[in-house]
Q: 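Starting off with a structure, shown below.
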There are 2 protein chains.
Amino acid sequence: MISKKAKYAIHALVKLARDREKGPILISEISKEGHIPQKFLEAILLDLKRAGILNSKKGKGGGYYLIKKPEEVNMADVLRLFDGALALLPCVTYKYYERCEECTDELTCGIRRVMQQVRDETVRILKDSTLATVLASEKSTYKEQ
Amino acid sequence: MISKKAKYAIHALVKLARDREKGPILISEISKEGHIPQKFLEAILLDLKRAGILNSKKGKGGGYYLIKKPEEVNMADVLRLFDGALALLPCVTYKYYERCEECTDELTCGIRRVMQQVRDETVRILKDSTLATVLASEKSTYKEQ
DNA sequence: TATAAAGTCTATCGGATTTATAGAGTATTA
DNA sequence: TAATACTCTATAAATCCGATAGACTTTATA
């Protein structure tokens, strides 16, 4: 399961992508529409700003807006930003790699191989799915489930 | 990431499958070999016993042993037993289903669709991978990575 | 039948993480 | 220059995780 933080982040991003023609969007609006606690959301948006995905404008008429193209923001990056590694085991990540004490030989470890597969597929799907594809898929109501 | 509990469980199961001809295996042996805290491991093995995967024998010459066939114990079931749902969001699980407040229409929610895909692939891989396949893959040293 | 071996059960613990809130402070712009 | 809106720091409650302690029960076998 992903954290609420990550989930809120994705929902906020999708909204910002959807409304990106409208100029800066108020935190309070995102918060209300998405039922996301406002103060919590503030911290999340700041993180996304630091990550170079959003920017904000202060003062009257201010708010947050997307600075990356929707097709450039993929789910893998967002999830990693908030929840760290996507893999199920530390020994199949590169950024958070850690050897497993329990396993004698990593090269032949059967458990690791399975988890490696899961990670590869997960990353593939999440990389392919961007704000653009998510928005597009919202529009087509009848979908191959 | 999966919990240590789940990771320990899998390692213990793989060992029990590997040594299943030797009769009951001592908790202390599994603990030592896998560098798993013994008391913690006891609780894990009890859970696996309650789940009908292992059985135990008390007294001298006792220990734990597999009662399911290695090809019947798959990773999806084990992970679910210890960590709950495999999905990344509550709205794409059936056993732990929970509606997302943030989303207006679940049927058209683009985020949900992505997470659904990830879940389907993850479950597919984990279901296909059993103690038997893990053991088999350990034996073949040179592997398509 | 005593006793040692081995699993079972209950309780508890500290620490980390997660989720969330409060409030003061700062920058911006109409 | 006031209203608006973002930023920062602190904190707190709740939950979860990993681990340990210790008393208890069952069983094999000498």
Side-chain angles (χ1 to χ4, degrees), chain A residues 1-12 16 23-32 34-51 53-65 67 79 81-85 88-90 96 98 100-102, chain B residues 1-12 16 22-32 34-51 53-67 79 81-85 88-90 96 98 100-102:
Chain A
M1 291 279 172
I2 67 177
S3 65
K4 289 215 175 177
K5 214 166 180 173
K7 192 168 72 160
Y8 291 160
I10 296 177
H11 278 281
L16 287 170
I25 308 289
L26 295 186
I27 297 182
S28 58
E29 183 181 332
I30 305 173
S31 157
K32 251 177 244 162
H35 299 92
I36 305 171
Q38 175 155 348
K39 279 295 189 177
F40 200 31
L41 179 59
E42 283 181 16
I44 292 166
L45 294 175
L46 263 182
D47 284 342
L48 289 169
K49 181 180 172 178
R50 284 196 204 98
I53 298 172
L54 300 181
N55 203 358
S56 61
K57 223 181 141 183
K58 292 184 178 183
K60 209 167 202 172
Y64 272 96
Y65 54 93
I67 50 175
L79 285 187
L81 184 61
F82 290 97
D83 292 353
L88 295 177
L89 285 180
Y96 305 87
E98 215 169 307
C100 287
E101 288 297 322
E102 303 83 34
Chain B
M1 289 279 173
I2 68 177
S3 66
K4 289 215 175 177
K5 214 165 180 175
K7 191 167 73 162
Y8 291 160
I10 295 176
H11 278 281
L16 286 171
K22 299 186 186 165
I25 309 290
L26 295 186
I27 297 181
S28 59
E29 183 181 332
I30 305 173
S31 157
K32 249 177 245 161
H35 299 93
I36 304 171
Q38 175 153 349
K39 279 294 187 177
F40 199 32
L41 180 59
E42 283 180 17
I44 292 166
L45 294 175
L46 261 184
D47 284 342
L48 289 168
K49 180 179 172 180
R50 284 197 203 98
I53 298 172
L54 301 180
N55 203 359
S56 62
K57 232 181 132 181
K58 292 183 178 185
K60 210 166 202 171
Y64 271 95
Y65 54 94
L66 211 58
I67 50 175
L79 285 187
L81 184 61
F82 290 97
D83 291 353
L88 295 177
L89 286 179
Y96 303 87
E98 216 168 308
C100 288
E101 288 297 322
E102 303 82 34

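Order of the sequence lines fixes the chain letters, A, B, ..., with proteins taken first and strands second; residue numbering starts at 1 for each chain.
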Q: Kindly write out the residues that satisfy salt bridge (charged side-chain N to carboxylate O under 4.0 Å, His left out) with B:Lys4, not counting sequence neighbours, or none if the list is empty.
A: none
Q: Among all residues two or more places apart in sequence or in another chain, which pass the side chain to side chain donor-acceptor pair (under 3.5 Å) test with B:Ser56?
A: B:Lys49
Q: Is the shortest side-chain heavy-atom distance between B:Ile67 and B:Leu54 below 4.5 Å?
A: no
Q: So which of residues 23-30 of chain A are in contact with DNA chain D, with a heavy-atom cut-off of under 4.0 Å?
A: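 Contacts with DNA chain D under 4.0 Å: A:Leu26, A:Ile27.
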Q: Generate the contact string for nucleotides 19-29 of chain C. Rules: B means base contact, S means sugar-phosphate contact only, - means no protein heavy atom under 4.0 Å.
A: SBBBB---SBS
Q: Taking any atom closer than 4.0 angstrom to a non-hydrogen atom of chain A, what span of DNA chain D does the protein reach, first nucleotide to last?
A: D:dT4 to D:dC8
Q: Taking the side chain as C-beta and beyond, is there a heavy-atom pair between B:Ile25 and B:Tyr65 under 4.5 Å?
A: no
Q: Under the side-chain contact (heavy atoms from CB on, under 4.5 Å) test, which residues partner B:Leu81, sequence neighbours left out?
A: B:Leu48, B:Ala51
Q: List the residues meeting side-chain contact (heavy atoms from CB on, under 4.5 Å) with B:Lys58, not counting sequence neighbours, and say none if there are none.
A: none
Q: Under the side chain to side chain contact (heavy atoms under 4.5 Å, CB included) test against B:Ile44, which residue among B:Lys5, B:Lys7, B:His11 passes?
A: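 Looking at B:Lys5, B:Lys7, B:His11, the match for B:Ile44 under the side chain to side chain contact (heavy atoms under 4.5 Å, CB included) is B:Lys5.
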Q: Tell me, which pairs form a side-chain hydrogen bond (donor to acceptor under 3.5 Å, both in side chains) where one or both residues lie in residues 37-48 of chain A, sequence neighbours left out?
A: A:Asp47-A:Arg50
Q: Would a 4.5 Å heavy-atom cut-off, applied to side chains only, mark A:Phe82 and A:Ile2 as touching?
A: no
Q: Could you pull out all residues at least two apart from A:Ser28 that satisfy side chain to side chain donor-acceptor pair (under 3.5 Å)?
A: none
Q: Identify, with sequence neighbours excluded, every residue that meets ring pair (Phe, Tyr, Trp, His ring centres under 6.0 Å) alongside B:Tyr8.
A: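 Counting only residues at least two positions away or on another chain, B:Tyr8 forms a ring pair (Phe, Tyr, Trp, His ring centres under 6.0 Å) with B:Phe40.
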Q: Any side-chain N or O of B:Arg50 below 4.0 angstrom from OP1/OP2 of C:dC9?
A: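 Affirmative; the distance criterion is met.
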Q: Just to verify, what does B:Tyr96 make a ring pair (Phe, Tyr, Trp, His ring centres under 6.0 Å) with, not counting sequence neighbours?
A: none
Q: Starting at CD1 of A:Ile53, measure out to CG of A:Leu16 and round the result to the nearest 0.5 Å.
A: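 Interatomic distance, A:Ile53 CD1 to A:Leu16 CG, rounded to 0.5 Å: 11.0 Å.
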Q: Pick base, sugar-phosphate or nothing for B:Lys7, based on heavy-atom distances below 4.0 Å to the nucleic acid.
A: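 Touches nothing.
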Q: Could you spell out the base pairing of DNA chain D in dot-bracket, with Watson-Crick or G-U pairs whose two distances are under 3.5 Å, [ ] crossing and | to another strand?
A: ||||||||||||||||||||||||||||||
